[in-house]
Peer 1: 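Here's a structure for you.
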Protein chains: 2
Amino acid sequence: MDTNQPAIGRVFHALGDATRRAIVEKLSEGPASASRLAEPLGISLAAVVQHLQILEEASLVRTEKLGRVRTCSVHPAGLQMAAQWIADRRTLWERRLDRLADLLAESPPPEDETHEPEWLG
Amino acid sequence: MDTNQPAIGRVFHALGDATRRAIVEKLSEGPASASRLAEPLGISLAAVVQHLQILEEASLVRTEKLGRVRTCSVHPAGLQMAAQWIADRRTLWERRLDRLADLLAESPPPEDETHEPEWLG
DNA sequence: AAAATGGTGAAGCATACACTTGACTGTAGG
DNA sequence: CCTACAGTCAAGTGTATGCTTCACCATTTT
């Protein structure tokens with residue numbers, strides 16, 4: 001779709017790829033260089049670096065180049081954003097269920113003339 | 001990549017699309033029919049249904065057909081899985097930082113002959 | 001019954017994506 | 001200096017994705 005997505009979109013898109021998740025998982029255990037990340041993945045270094053770029057743009061990974069080696073580590077910001085988005089949805093959804101429960105509990109079958117529940121209209 | 005991804009992959013991939021996130025956001029406020037979801041999105045009904053299929057396969061949305069209308073609602077399982085994966089990464093990563101802090105605190109500069117930190121080798 | 005509504009299925013299309021390869025650049029070491 | 005290493009750049013390739021359109025089916029509504 002759009003390469004110019006909002007931040008949260010970049011995060012989810014980045015995590016949607018198995019290889020990139022594998023990279024994040026590896027980096028959760030500690031920093032590593034690009035070529036070291038490539039080893040167990042069975043793909044070319046160039047491909048790994050492309051993934052790293054995407055992960056970096058999603059604030060999921062931070063990389064720093066010292067000498068000729070680029071060292072990568074996890075960057076909490078991206079995961080934080082994803083967690084927040086999920087938490088927000090969950091809050092909204094639970095709040096709605098609570099309201100619904102309240103209505104059903106407080107008012108026993110009120111003379112409801114509507115043909116559909118209001119949340120469908 | 002692979003269309004036959006593990007569950008967590010399907011979840012993140014599903015949430016990587018702005019339109020699908022919009023659908024989940026809408027459904028967080030309450031159930032809705034497919035055509036009702038399509039209205040504000042500015043795309044065809046067919047496209048929306050395709051998105052719904054993906055969301056359903058990712059356990060992010062549940063749909064039920066009554067009469068000729070398919071009613072959709074959020075399904076917590078998908079969000080739960082995503083939240084769990086994130087939490088797991090975060091735990092691992094924090095645990096590692098703690099260990100590192102412990103090492104630095106307990107042992108003041110020990111005669112370290114290595115040229116690189118062990119986690120890079 | 002006829003028309004409208006809500007949805008399904010399949011084909012087609014343009015773009016995005018994950019990779020590869022090959023040519024190059026900069027940094028270490030022998 | 002010269003070779004090896006770690007990474008970068010730029011094409012190029014096959015497949016997946018998001019979307020459309022059109023034909024078609026099943027339920028309402030009039």
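By convention in this document, chain letters (A, B, ...) are assigned in the order of the sequence lines, proteins followed by strands, and residues within each chain are numbered from 1. The structure displayed is predicted, hence computed values, not measured ones.
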Peer 1: Between the base of D:dT20 and the side chain of B:Q50, is there a donor-acceptor distance below 3.5 Å?
Peer 2: yes

Peer 1: Of the nucleotides D:dG18, D:dC19, C:dT20, which one has an atom closest to the side chain of A:A47?
Peer 2: C:dT20

Peer 1: Between B:D17 (CG) and D:dT17 (P), how many Å, whole number?
Peer 2: 11 Å

Peer 1: Angle between the two end axes of the helix from C:dA1-D:dT30 to C:dG30-D:dC1, five base pairs per end, rounded to 10 degrees?
Peer 2: 20°

Peer 1: Starting from P on C:dA10, measure out to CG on B:L45 and report it in whole angstrom.
Peer 2: 17 Å

Peer 1: Scan residues 16-37 of chain A for pairs that pass ring-ring contact (aromatic ring centres under 6.0 Å, His included), counting only residues two or more places apart or in two chains.
Peer 2: none

Peer 1: Among residues two or more places apart or on two chains, list those pairs meeting ring-ring contact (aromatic ring centres under 6.0 Å, His included) that have a residue in residues 7-38 of chain A.
Peer 2: A:F12-A:W85

Peer 1: For C:dC17, does OP1 or OP2 lie under 4.0 Å from any side-chain N or O of A:H13?
Peer 2: yes

Peer 1: Nearest 0.5 Å, please: how far is CG in B:L27 from CZ in B:R62?
Peer 2: 12.0 Å

Peer 1: Which pairs, with at least one residue in residues 15-47 of chain A and sequence neighbours excluded, count as a ring-ring contact (aromatic ring centres under 6.0 Å, His included)?
Peer 2: none

Peer 1: What residues from residues 56-69 of chain A pass a heavy-atom cutoff of under 4.0 Å to DNA chain C?
Peer 2: A:G67, A:R68

Peer 1: Take atom CZ of A:F12 and atom P of D:dT17, then tell me their distance rounded to the nearest Å.
Peer 2: 18 Å

Peer 1: By side chain to side chain contact (heavy atoms under 4.5 Å, CB included), which residues pair with B:A47, not counting sequence neighbours?
Peer 2: B:I43, B:S44

Peer 1: Say you draw a straight line from CG of A:L60 to SG of A:C72; how long is it, rounded to the nearest 0.5 Å?
Peer 2: 12.5 Å

Peer 1: Rounded to the nearest angstrom, tell me the gap between atom CZ in B:R21 and atom C1' in D:dG18.
Peer 2: 14 Å

Peer 1: A:S44 side chain N/O closer than 4.0 Å to the phosphate oxygens (OP1, OP2) of C:dG22?
Peer 2: no

Peer 1: Rounded to whole angstrom units, what separation is found between the CD atom of B:Q53 and the P atom of D:dT17?
Peer 2: 13 Å

Peer 1: Counting only side-chain N and O atoms of B:T19, is one of them less than 4.0 Å from OP1 or OP2 of D:dC19?
Peer 2: yes

Peer 1: Base, sugar-phosphate, or nothing: which does A:A34 touch, judged by heavy atoms less than 4.0 Å apart?
Peer 2: sugar-phosphate

Peer 1: Using distance only, find each side-chain donor-acceptor pair of residues 89-97 of chain B under 3.5 Å and give its atom names and separation, not counting sequence neighbours.
Peer 2:
{"unit_1": "B:R90", "atom_1": "NH1", "unit_2": "A:Q80", "atom_2": "OE1", "d": "2.8"}
{"unit_1": "B:T91", "atom_1": "OG1", "unit_2": "B:A87", "atom_2": "O", "d": "2.8"}
{"unit_1": "B:R96", "atom_1": "NE", "unit_2": "A:S28", "atom_2": "O", "d": "3.4"}

Peer 1: Select from B:R70 and A:A46 the residue whose nearest nucleotide in DNA chain C is closer to the 5' end of that strand.
Peer 2: B:R70

Peer 1: A:R20 pairs by side chain to side chain contact (heavy atoms under 4.5 Å, CB included) with which of A:V61, A:L15, A:L55, A:L52?
Peer 2: A:L55

Peer 1: Tell me the interatomic distance from A:L37, atom CG, to D:dA6, atom C1', rounded to whole angstroms.
Peer 2: 13 Å

Peer 1: Do any side-chain nitrogens or oxygens of A:R36 fall under 4.0 Å of OP1 or OP2 in D:dA6?
Peer 2: no

Peer 1: Quick one: label B:I43 by what it contacts on the DNA or RNA (base, sugar-phosphate, nothing), any heavy atom closer than 4.0 Å.
Peer 2: sugar-phosphate

Peer 1: Using a 4.0 Å heavy-atom cut-off across all strands, classify A:L41 as base, sugar-phosphate, or nothing.
Peer 2: nothing

Peer 1: Tell me who clusters with A:V49, hydrophobic residues only, linked when side chains sit under 4.5 Å apart either directly or through other members.
Peer 2: A:L45

Peer 1: Between atom CG in B:L52 and atom P in C:dG9, what is the gap in whole Å?
Peer 2: 13 Å

Peer 1: Mind checking A:S35 for me? I need base, sugar-phosphate or nothing, with any heavy atom below 4.0 Å counting as a touch.
Peer 2: sugar-phosphate

Peer 1: Between B:L55 (CG) and D:dT17 (C1'), how many Å, whole number?
Peer 2: 14 Å

Peer 1: Please collect all ring-ring contact (aromatic ring centres under 6.0 Å, His included) contacts where either partner lies in residues 56-78 of chain B, sequence neighbours excluded, each pair once.
Peer 2: none

